[in-house]
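Just so we're clear, the structure is a prediction, and the values are computed from it rather than from any experiment.
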2 protein chains.
Amino acid sequence: MSNPVAATIKEIAERLKVSPSTVSRALNNNTRIGKETRDKIQQLAKELNYEPNARAIFFKKQKSYVIGVVVPFIREEFFSQAISGIEAAAMENNYTILFGQSYDDPDRELTVLNAMKRQGVDGILISLSKKTRFAGQEAEFEKLGKPIVFFDRVPGTDQAHQVYCNVYKGTVQMVNWLMGKGYKRIALINGPGELLASRQRLKGYMDAISARKLKVNMQLVETTDFSKEATTRVVNGLLKMKSPPNAIISFNEYVHMDAVRAAEEKGIRINQELLFASYANLAITGYTAHPPVLSIEQFPYQQGEKAVEMLIRVLDEPHTEAFLQEEIDPQLIVHY
Amino acid sequence: MSNPVAATIKEIAERLKVSPSTVSRALNNNTRIGKETRDKIQQLAKELNYEPNARAIFFKKQKSYVIGVVVPFIREEFFSQAISGIEAAAMENNYTILFGQSYDDPDRELTVLNAMKRQGVDGILISLSKKTRFAGQEAEFEKLGKPIVFFDRVPGTDQAHQVYCNVYKGTVQMVNWLMGKGYKRIALINGPGELLASRQRLKGYMDAISARKLKVNMQLVETTDFSKEATTRVVNGLLKMKSPPNAIISFNEYVHMDAVRAAEEKGIRINQELLFASYANLAITGYTAHPPVLSIEQFPYQQGEKAVEMLIRVLDEPHTEAFLQEEIDPQLIVHY
DNA sequence: TTGTACGCGTTATCAT
DNA sequence: ATGATAACGCGTACAA
């Protein structure tokens, strides 16, 4: 069961009466080397099914070819897709990924990051926990001494490498579509104002309305802390208004599902008398009774891929000063 | 951004005019060492915030403290939970995990496994792809030269370390519950017969019925290839029977969701005139219109934990002959 | 109690 | 074109 042979460069060298360095060169046929000896070496290497010892190489090169990846919850489809993208891009570049969850807990997040540091990862990809206040915490991240690329849930500063989807644009598109179809009373169930994602949604919402010379009715903008209870309360409040909304945009699809359930309990005919819209375009909503009619695809898989590429770029050019940023355009999806 | 200092044992030794080995011993305070020098060393180490170089240690010890984990799809909640359990147990034991998906493709599975081998993982945890026929393929796995622990989707042999949940028992419980409540015509939408999981379900189903001196009606046992189309066809067939079933057990909750949709389209009042049962007890079904009334919890998180522990045991005692097996009892969940 | 010397597998540098 | 040597950071057997 344990590794049967594990031929080393040294062994090959001895057998062929050449020096280890010659073998090394022949195997990495980069340097100029005698065609004859090279063939001989490569053949024997194959016979002995030589496999380079990754541990030794990484040790020598002071590189591990391992990337640490931290996300809040892998059980959320958004993140599992992002991780799939990361995995694909990492393999493509001969990197492997070390993986950890923050469970949206900043302390746990730091614990995981430090574990990764100890493991000697080359760099880190992270989607921040909802409760992480990056401002004031920069030191903790700096202290890791590892290049970091943030993705999707990025810090609200441009002093960091990051890949994200501009939800602002998506929100504008969504409101425009709704307005165009005659939905004038659009409610927004937003997340806590501290979240960058919440601020982007709100700004998009307000700008899109203002652009049509309409006035934003702040009674239609509510906030949930993502608990089912809070969302239910908000929905009930909206439904009780004198002139209730005819469309509801939920912060994400988990909020959406709770909102739908709350409205259903009040006897609302979902997506008929009240249209539901949301963010993320997750496959699981396809199995629910009432998927959102509008959703904003944020391309988690692609974000993951881009994040890996960005990190590798940073690793390859360690002395670049500038912070890299990549913005991915969201896409408005209309489900009929 | 790059590692600021990275103090090494050597540096500490030079500063304190002692030898590197003394520092090493002081830091791993295992060997006998002068209390005084030890304190001095440990203090300086802290000041310089010395961190052992994992790469060097792993190289030295011929160990990586990295475990490879392969699952079909992380987007399936069952596996994301298993991975969470693995992650927790691994951290507990100072291991980290290298992660890859097979996407239920045996070729891809081997590619990923070989990548992990090259990376020098200490051992492997894997839940087999649905299409992997282990019999006849053992050689491929042996060739990795790494200890392997299978979990949940285990090979159909006892010549392997494995952790699994005995679905047979769960199925017996489920059928018993149904029979006890007066559901006599119970359909089973099973998976392909090649799958161990399918055979376990079928045997449980048949045994539970036989135990009550009843005859198994094979017309009520159907097979799906997990595609929506196949499941829909099967459901339609069942509904057209002269005396159709009053309960349907689906292979898993994805099949369940498709089955429910098919029945709904035929105007069936779900879980009223026809009761639905399933396996896995996933949280996502809680968001669907019609979760299964019965479900069998298979404890993926615990399976992951146990698998890690088993692998570590194998790694610690490399010369044990016997194959370790651990069976987890499922639990019948009744949702009202 | 502490120091010396060596080795893990590989690659880079310098010499030949 | 190839060999010799050193070095990466650490642990440890052996010597003192």
Requested in this report: Can you figure out which of C:dA12, C:dT11, C:dT2 approaches the side chain of A:Ser21 most closely?
Outcome: C:dA12
Query raised in the report: Can any side-chain N or O of B:Gln101 pair as donor or acceptor with the backbone N or O of B:Ile74 at less than 3.5 Å?
Result: yes
Query raised in the report: Can you tell me how far P of C:dG9 sits from CD of B:Gln119, to the nearest Å?
Result: 18 Å
Query raised in the report: At under 4.0 Å, does any side-chain N or O of B:Ser24 touch on OP1 or OP2 of D:dC10?
Result: no
Report task. Mark this stacking check for A:Phe59 against C:dT10 as yes or no, applying ring centres under 5.5 Å and ring planes under 30°. Result -> no
For nucleotides 14-16 of chain D, print each protein N/O atom paired with a nucleotide N/O atom at under 3.5 Å, atom names and distance only.
none

Requested in this report: Decide, yes or no, whether a salt bridge links B:Lys306 with B:Glu309 under the criterion of side-chain N to carboxylate O below 4.0 Å.
Outcome: no
**Report entry** Residues in side chain to side chain contact (heavy atoms under 4.5 Å, CB included) contact with A:Lys63, at least two apart in sequence or another chain
**Finding:** A:Lys61, A:Tyr65, A:Tyr95, A:Asp122
**Report entry** Listed nucleotide nearest any side-chain atom of B:Thr22, set C:dG3, D:dC10, D:dC8
**Finding:** C:dG3
Query raised in the report: What pairs meet the salt bridge (Lys or Arg N to Asp or Glu O under 4.0 Å) rule with one or both residues in residues 67-84 of chain A, with sequence neighbours excluded?
Result: none
Requested in this report: With sequence neighbours left out, write down each residue that passes ring-ring contact (aromatic ring centres under 6.0 Å, His included) with A:Phe79, or none if nothing qualifies.
Outcome: none
**Report entry** Rounded distance in Å - CZ (B:Phe58) to P (C:dG9)
**Finding:** 17 Å
Report task. Round to a whole Å and report the spacing from CD1 of B:Ile41 to C1' of C:dT1. Result -> 11 Å
Requested in this report: Return the 5'-most residue of the pair B:Asn53, A:Val23 with respect to DNA chain D, ranking by each residue's nearest nucleotide.
Outcome: A:Val23
Report task. Return the set of residues passing side chain to side chain donor-acceptor pair (under 3.5 Å) with B:Gln159 (not counting sequence neighbours), or none when no residue passes. Result -> none
Query - For atom CZ of B:Arg55 and atom C1' of D:dA7, their distance in whole Å - result: 16 Å
Requested in this report: Would you indicate what B:Pro20 reaches in the nucleic acid, counting non-hydrogen atoms under 4.0 angstrom: base, sugar-phosphate, or nothing?
Outcome: nothing
Query raised in the report: Separation of A:Lys17 atom NZ from D:dA4 atom P, in whole Å?
Result: 13 Å
Query raised in the report: Tell me the salt bridge (Lys or Arg N to Asp or Glu O under 4.0 Å) pairs involving residues 90-100 of chain A, sequence neighbours left out?
Result: none
Query raised in the report: Is any side-chain nitrogen or oxygen of A:Lys61 closer than 4.0 Å to OP1 or OP2 of C:dA12?
Result: no
Requested in this report: Measure from the side-chain heavy atoms of A:Gln62 and tell me the nearest of D:dG3, C:dC8, D:dC8.
Outcome: D:dC8
Query - Non-neighbouring partners of A:Phe78 that pass ring-ring contact (aromatic ring centres under 6.0 Å, His included), sequence neighbours left out - result: none
Query - Closest to the A:Ile33 side chain, choosing from D:dA7, C:dC8, D:dT2 - result: D:dT2
Requested in this report: Examine the base of C:dA12 for any acceptor or donor lying under 3.5 Å from a partner atom in the side chain of A:Lys60, and report the outcome as yes or no.
Outcome: no
Requested in this report: Looking at every strand, decide which applies to B:Tyr50 at a 4.0 Å heavy-atom threshold: base, sugar-phosphate, or nothing.
Outcome: sugar-phosphate
**Report entry** With sequence neighbours excluded, residues passing side chain to side chain donor-acceptor pair (under 3.5 Å) with A:Asn53
**Finding:** none
Query raised in the report: Less than 4.0 Å between a side-chain N and a carboxylate O, is that true for A:Lys117 and B:Glu51?
Result: yes
Query raised in the report: Just wondering, do B:Leu44 and B:Leu16 contact through their side chains at under 4.5 Å, heavy atoms?
Result: yes
Query raised in the report: Can you check the A:Lys10 NZ to D:dA4 P distance for me, whole Å?
Result: 14 Å
Requested in this report: Tell me whether the OP1 or OP2 atom of C:dT11 has a side-chain N or O from A:Asn28 closer than 4.0 Å.
Outcome: yes
Query raised in the report: Taking the side chain of B:Thr8 as heavy atoms from C-beta outward, which of D:dG11, D:dC10, D:dC8 is closest to it?
Result: D:dC10
Query raised in the report: Separation of B:Glu14 atom CD from D:dC10 atom C1', in whole Å?
Result: 15 Å
Report task. From the options C:dT2, D:dG9, C:dT11, select the nucleotide whose nearest atom is closest to the side chain of B:Ala56. Result -> D:dG9
Query raised in the report: What is the distance, rounded to the nearest whole Å, between atom NZ of B:Lys63 and atom C1' of D:dG11?
Result: 16 Å
**Report entry** Inter-end axis angle, the helix from C:dT1-D:dA16 to C:dT16-D:dA1, with every axis fitted to five base pairs (rounded, 10 degrees)
**Finding:** 50°
